[in-house]
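Notes to accompany the following structure.
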Amino acid sequence: MTAINPARLRIQSVELSEKYSDPDAFVLKLHDILDFYAVRVRKNKITRTPLLLHSHQVAPPVLRAIEAELKDPLNTQPSQGILLIDALWKEEWVETHTLAISLLGELPPINPDSIFKRIKSWLSDSKSDTIRILLPTRGLSRLVEEKPALVLEFFQELLNSPSKNNCQAVLFGIIPFAEGEDFENLPLLYKFLDWILLVDEKGLIKETLEVLKILIQRSEQESLYFLKKQLSTASKPRILRVIRQILPSFSTENQAILREVLNRYS
């Protein structure tokens, strides 16, 4: 891997940003830069990853520097940005998909539907867990800040077609809301969880646990009530496993309550 010289990387990123209005030229120069910083052992033999995407395996600062130079044109020429984003997504590379998602998340929320349309389509196409995590998080980052109600409506739309990819996306996507101290509509997040536990009878336990841990910190009693209620509605083997693994996150008193409930349903 070529050592990163910040000054040189900045110049390369600025030169790349000058091709913002020409997606084809941008993509060609982007690959030149990524190849320049690629892991050396991969330069002579670049292969697909198990995720079915090629990868230059560049260090994170390279993409961050490129993203930084594109923020201004994304704000001043968002329509051209969409064309560039689509061109990047067509490339079968981890880095181009990652950059496409990051740029999508930086677009001004002038036309949220165009952003949601791409997130939804890319979720169905993506075979990569890493990319699927980025889509509802980084890909919606500006909308979460500026149009949170629309994002939550979009998550509800995804759950109306509750594929595993859509359910996983919602679980990752609601984490910023669960963590936000200013976000008070926790019942809506529990509603999303309730629906996911009901329709998705296996898998996604790790993602469910991650959300629950945050919600327990926000409101332990609401989380206790929610889990007790799940025992009468959700898939029993799955919810029992979830409760057993989440027990340490509760107070000693509430752990005892949950253990008593588990003994009744086990």
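Since the structure is predicted, the reported quantities are computational estimates derived from the model, not experimental observations.
- For E210, the side-chain hydrogen bond (donor to acceptor under 3.5 Å, both in side chains) test picks out no residue, with sequence neighbours left out.
- For residues 178-189, there are no side chain to side chain donor-acceptor pair (under 3.5 Å) pairs, not counting sequence neighbours.
- One side chain, H31 or E91, offers a donor N or O that lies under 3.5 Å from an acceptor on the other.
- In this structure the side chain of V144 never reaches within 4.5 angstrom of the side chain of F183, judged on heavy atoms.
- Note on L198 and L171: same hydrophobic cluster, where clusters join Ile, Leu, Val, Met, Phe, Trp and Tyr whose side-chain heavy atoms are under 4.5 Å apart, directly or indirectly.
- The shortest non-hydrogen separation linking P78 to N75 is CD-O, 3.8 Å.
- One N or O on the side chain of N165 and one on the backbone of L123 form a donor-acceptor pair closer than 3.5 Å.
- Separating the CD atom in E207 from the CD atom in Q168 is a distance of 4.5 Å, to the nearest 0.5 Å.
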- Worked verdict on L258 versus K228 for side chain to side chain contact (heavy atoms under 4.5 Å, CB included): CA-CA 8 Å; L258 282 173; K228 289 169 66 177; 4.3 Å; yes

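- The side chain to side chain donor-acceptor pair (under 3.5 Å) contacts involving residues 109-121 comprise D86-R118, K120-E157, where partners must be two or more places apart or lie in separate chains.
- How far CG of L193 is from SG of C167: 10.5 Å, rounded to the nearest 0.5 Å.
- In this structure, CG on L227 lies 7.5 Å from CD1 on I246, to the nearest 0.5 angstrom.
- In this view, R10 and E69 satisfy the salt bridge (charged side-chain N to carboxylate O under 4.0 Å, His left out) rule, not counting sequence neighbours.
- Looking at residues two or more places apart in sequence or on another chain, you find a side-chain contact (heavy atoms from CB on, under 4.5 Å) between N160 and Q156.
- A search for side-chain contact (heavy atoms from CB on, under 4.5 Å) contacts involving E67 returns L63, L99, S102, R138, not counting sequence neighbours.
- Between L212 and S249, every side-chain heavy-atom pair lies at or beyond the 4.5 Å cut-off.
- The side-chain heavy atoms of F177 and F192, taken from C-beta on, include no pair separated by under 4.5 Å.
- Note on K191 versus D194: no salt bridge recorded, every NZ/NE/NH1/NH2 to OD/OE distance being 4.0 Å or above.
- Applying the side-chain contact (heavy atoms from CB on, under 4.5 Å) rule to N254 yields the partners E220, Q221, L224, F250, S251, I257; only residues at least two apart in sequence or on another chain are considered.
- Remark: Y20 OH to L70 CG distance equals 7.5 Å, nearest 0.5 Å.
- Between L204 and R238, some side-chain heavy-atom pair lies under the 4.5 Å cut-off.
- Under the 4.5 Å side-chain contact rule for hydrophobic residues, L88 and L83 do not share a cluster.
- Listed by chain and number, the residues in a side-chain contact (heavy atoms from CB on, under 4.5 Å) with S21 are Q77, Q80 (sequence neighbours excluded).
- Under a hydrophobic clustering in which Ile, Leu, Val, Met, Phe, Trp and Tyr are joined whenever their side-chain heavy atoms come within less than 4.5 Å, directly or via other members, W195 and I205 fall into the same cluster.
- Under the 4.5 Å side-chain heavy-atom criterion for grouping Ile, Leu, Val, Met, Phe, Trp and Tyr, I11 is not connected to L34 through any hydrophobic cluster.
- Under the 3.5 Å distance criterion, the side-chain polar atoms of T98 are matched with a main-chain donor or acceptor of V94.
- Side-chain contact between W122 and I131 is absent, with no heavy atoms from C-beta onward closer than 4.5 Å.
- Put simply, the side chain of I174 does not reach to within 4.5 Å of the side chain of L188, judged on heavy atoms.
- Note on I4: it clusters hydrophobically with I33, by side-chain heavy-atom contacts below 4.5 Å among ILVMFWY residues.
- Of the possible polar contacts, one joining the T137 side chain to the L134 backbone as a donor-acceptor pair under 3.5 Å is found.
- Here the side chains of L9 and S13 are in contact, with some heavy-atom distance below 4.5 Å.
- The closest donor-acceptor contact from the side chain of N166 to the backbone of S161 lies under 3.5 Å.
- Contacts classified as salt bridge (charged side-chain N to carboxylate O under 4.0 Å, His left out) and involving residues 13-30 (residues at least two apart or in different chains) are given here: E15-K29.
- You'll find the side chain of L189 stays beyond 4.5 Å of the side chain of V211, heavy atoms only.
- Taking the ring pair (Phe, Tyr, Trp, His ring centres under 6.0 Å) definition, one finds that F172 meets it with nothing, sequence neighbours left out.
- Aromatic ring orientation, W89 versus H97: parallel (interplanar angle below 30°, classes split at 30° and 60°).
- With sequence neighbours excluded, the residues forming a ring pair (Phe, Tyr, Trp, His ring centres under 6.0 Å) with F226 are Y190, listed by chain and number.
- Under the 3.5 Å distance criterion, with hydrogens and angles disregarded, no donor-acceptor pair is assigned to the side chains of E106 and S141.
- Within the structure, ring pair (Phe, Tyr, Trp, His ring centres under 6.0 Å) contacts touching residues 69-88 (residues at least two apart or in different chains) do not occur.
- Here the straight-line distance linking atom CD1 of I101 with atom CG of L135 works out to 4.0 Å at 0.5 Å rounding.
- Rounding to the nearest 0.5 Å gives a distance of 4.5 Å between CD1 of I214 and CD1 of I175.
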